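Some notes on the structure that comes next.
Just so you know, these numbers come straight off a predicted model, no measurement behind them.
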Amino acid sequence: MSKTIILIPTFNEIKSLIKILPKILKQKYKIIIVNDASTDRTKKYLNLNKIECIHNKKRVGYEASLLKGMSYIIKNYRKNENIITFDSDGEHKVSDLNRILKFFIKDKIKFLICNRINIQRISEKMVNFFFHQKFHLKDPLTGLKVYKTVLLKKYIKKVKE
């Protein structure tokens with residue numbers, strides 16, 4: 001599983017980062033954080049714990065932070081095979097990572113969108129309803145996704161255009 005990197009975008013989520021990062025590190029995953037100009041203690045915590053991080057100088061938002069992190073991984077970790085995006089808000093279970101990755105690899109999947117059990121925001125519930133009706137996707141806004149890196153290499157430049 002060492003050819004998988006966990007990519008975590010974050011903005012002012014120090015309380016949940018302190019809880020989830022040690023659990024992910026115990027599972028021996030490489031972690032890369034994209035800190036979207038947090039104003040809490042995030043930067044200090046990540047530097048102190050020597051967690052690889054991209055620090056945005058100004059806030060660019062969730063999607064741009066993900067793209068920045070994916071581009072960084074593609075450029076700097078050429079042998080990496082999979083990227084798992086994992087939100088920093090503590091909404092996902094760290095204990096699911098191994099199970100999800102085993103399923104992803106075993107079934108030779110190129111892109112996996114995981115579902116959340118609880119969705120808090122009414123706007124996300126509405127988006128999920130429409131996506132499920134039209135595309136049979138239950139939770140397109142989830143932060144827990146798995147990508148084959150070769151797939152990202154092929155399409156990431158098109159997303160940035």
Side-chain angles (χ1 to χ4, degrees), residues 1-14 16-94 96-98 100-105 107-116 124 127 131 135 137 139-161:
M1 293 197 203
S2 61
K3 294 186 179 181
T4 298
I5 294 176
I6 310 295
L7 176 61
I8 304 174
T10 192
F11 174 71
N12 288 343
E13 292 284 356
I14 188 64
S16 56
L17 279 173
I18 289 170
K19 293 176 186 174
I20 64 171
L21 288 179
K23 293 176 185 176
I24 296 172
L25 288 168
K26 280 183 187 174
Q27 294 187 19
K28 308 283 188 222
Y29 287 107
K30 172 73 177 161
I31 300 172
I32 296 177
I33 307 279
V34 181
N35 177 15
D36 195 17
S38 293
T39 56
D40 60 5
R41 300 180 331 265
T42 297
K43 185 174 182 177
K44 183 178 179 180
Y45 174 79
L46 296 172
N47 290 339
L48 186 67
N49 288 284
K50 297 180 171 78
I51 296 171
E52 190 167 354
C53 187
I54 301 163
H55 295 286
N56 294 339
K57 291 179 183 173
K58 64 177 186 170
R59 188 122 195 260
V60 297
Y62 180 81
E63 292 81 8
S65 291
L66 279 178
L67 286 172
K68 191 173 189 177
M70 289 172 178
S71 296
Y72 176 84
I73 292 168
I74 289 167
K75 180 180 176 186
N76 295 292
Y77 292 90
R78 298 189 186 277
K79 292 185 179 181
N80 181 61
E81 294 179 2
N82 310 300
I83 296 173
I84 300 177
T85 59
F86 195 90
D87 282 353
S88 64
D89 58 9
E91 195 169 49
H92 308 293
K93 292 182 182 178
V94 172
D96 289 339
L97 287 172
N98 287 333
I100 290 166
L101 187 59
K102 284 178 186 175
F103 170 75
F104 184 80
I105 292 169
D107 287 7
K108 298 178 181 164
I109 299 169
K110 292 184 180 175
F111 176 56
L112 179 64
I113 301 172
C114 301
N115 297 323
R116 294 173 284 180
E124 288 185 357
V127 169
F131 265 80
F135 304 109
L137 286 173
D139 193 6
L141 301 177
T142 182
L144 183 52
K145 297 179 177 117
V146 189
Y147 302 82
K148 273 288 191 205
T149 306
V150 293
L151 182 70
L152 286 175
K153 285 178 186 176
K154 185 176 179 180
Y155 293 107
I156 199 159
K157 288 179 185 170
K158 293 180 183 191
V159 172
K160 288 183 169 187
E161 293 173 355

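Closest heavy-atom contact between Gly69 and Ile54: CA-CD1, 4.1 Å. Minimum interatomic distance between Asp87 and His92 (heavy atoms only, all atoms of both residues): N-CD2, 3.9 Å. Taking both residues in full, the closest heavy atoms of Phe104 and Tyr147 are given as CZ-C, 3.9 Å, listed atom of the first, atom of the second, then distance. Minimum heavy-atom separation, Ser71 to Ile156: OG-CD1, 3.6 Å. Residues Phe11 and Ser38 share a closest heavy-atom pair of CA-OG, 3.3 Å. The two residues Ser65 and Val60 have their closest heavy-atom pair at OG-CG2, 3.6 Å.
Of the candidates Ile8, Asp36, Thr42, Ser88 forms a side chain to side chain contact (heavy atoms under 4.5 Å, CB included) with just one, namely Ile8.
Inter-residue side-chain proximity for Leu144 and Ile100 is flagged as met; some heavy-atom pair is nearer than 4.5 Å. The shortest side-chain heavy-atom distance between Leu112 and Phe103 falls under the 4.5 Å cut-off. The shortest distance between side-chain heavy atoms of Leu46 and Leu21 falls below 4.5 Å. With a 4.5 Å cut-off on side-chain heavy atoms, Ile6 and Leu97 count as touching. Looking only at side-chain heavy atoms (C-beta outward), Ile113 and Thr142 come within less than 4.5 Å of each other. Between Phe86 and Val94, the closest side-chain pair of non-hydrogen atoms falls below 4.5 Å. When side chains are defined from C-beta on, Lys148 counts as touching Asn82, because their heavy atoms get closer than 4.5 Å.
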*Give the intermediate values and the outcome of side chain to side chain contact (heavy atoms under 4.5 Å, CB included) for residues Val34 and Leu66.*
CA-CA 7 Å; Val34 181; Leu66 279 178; over 6 Å; no
*Full working for side chain to side chain contact (heavy atoms under 4.5 Å, CB included) between Phe111 and Leu152*: CA-CA 9 Å; Phe111 176 56; Leu152 286 175; over 6 Å; no
_Candidate pair Thr39 and Arg59, rule side chain to side chain contact (heavy atoms under 4.5 Å, CB included), full reasoning_ = CA-CA 10 Å; Thr39 56; Arg59 188 122 195 260; over 6 Å; no
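Counting only distance, with no hydrogens or angles, the side chain of Asp89 and the backbone of Glu91 share a donor-acceptor pair below 3.5 Å. Using modelled atom types, one side-chain atom of Asn12 and one backbone atom of Asp40 make a donor-acceptor pair closer than 3.5 Å. Panel note: side chain Thr85, backbone Gly143; a donor-acceptor pair is recorded below 3.5 Å.
Atom CG of Asn80 and atom NZ of Lys75 lie 16.0 Å apart (nearest 0.5 Å). Taken to the nearest 0.5 Å, the CG atom of Leu25 stands 4.0 Å off from the CD1 atom of Ile31. Rounded to the nearest 0.5 Å, atoms CD (Gln27) and CD1 (Ile24) are 7.5 Å apart. Rounding to the nearest 0.5 Å places CD1 of Ile32 at 8.0 Å from CD1 of Ile83. For the atom pair Asn76 CG and Glu52 CD, the distance stands at 7.5 Å (nearest 0.5 Å). Distance check: Ile84 CD1 to Lys145 NZ gives 13.5 Å after rounding to the nearest 0.5 Å.
Thr10 and Glu13 share no side-chain donor-acceptor pair at under 3.5 Å.
Remark: Lys19 NZ is loosely packed, at most 12 non-hydrogen atoms of other residues, nucleotides or ligands lying under 6.0 Å away.
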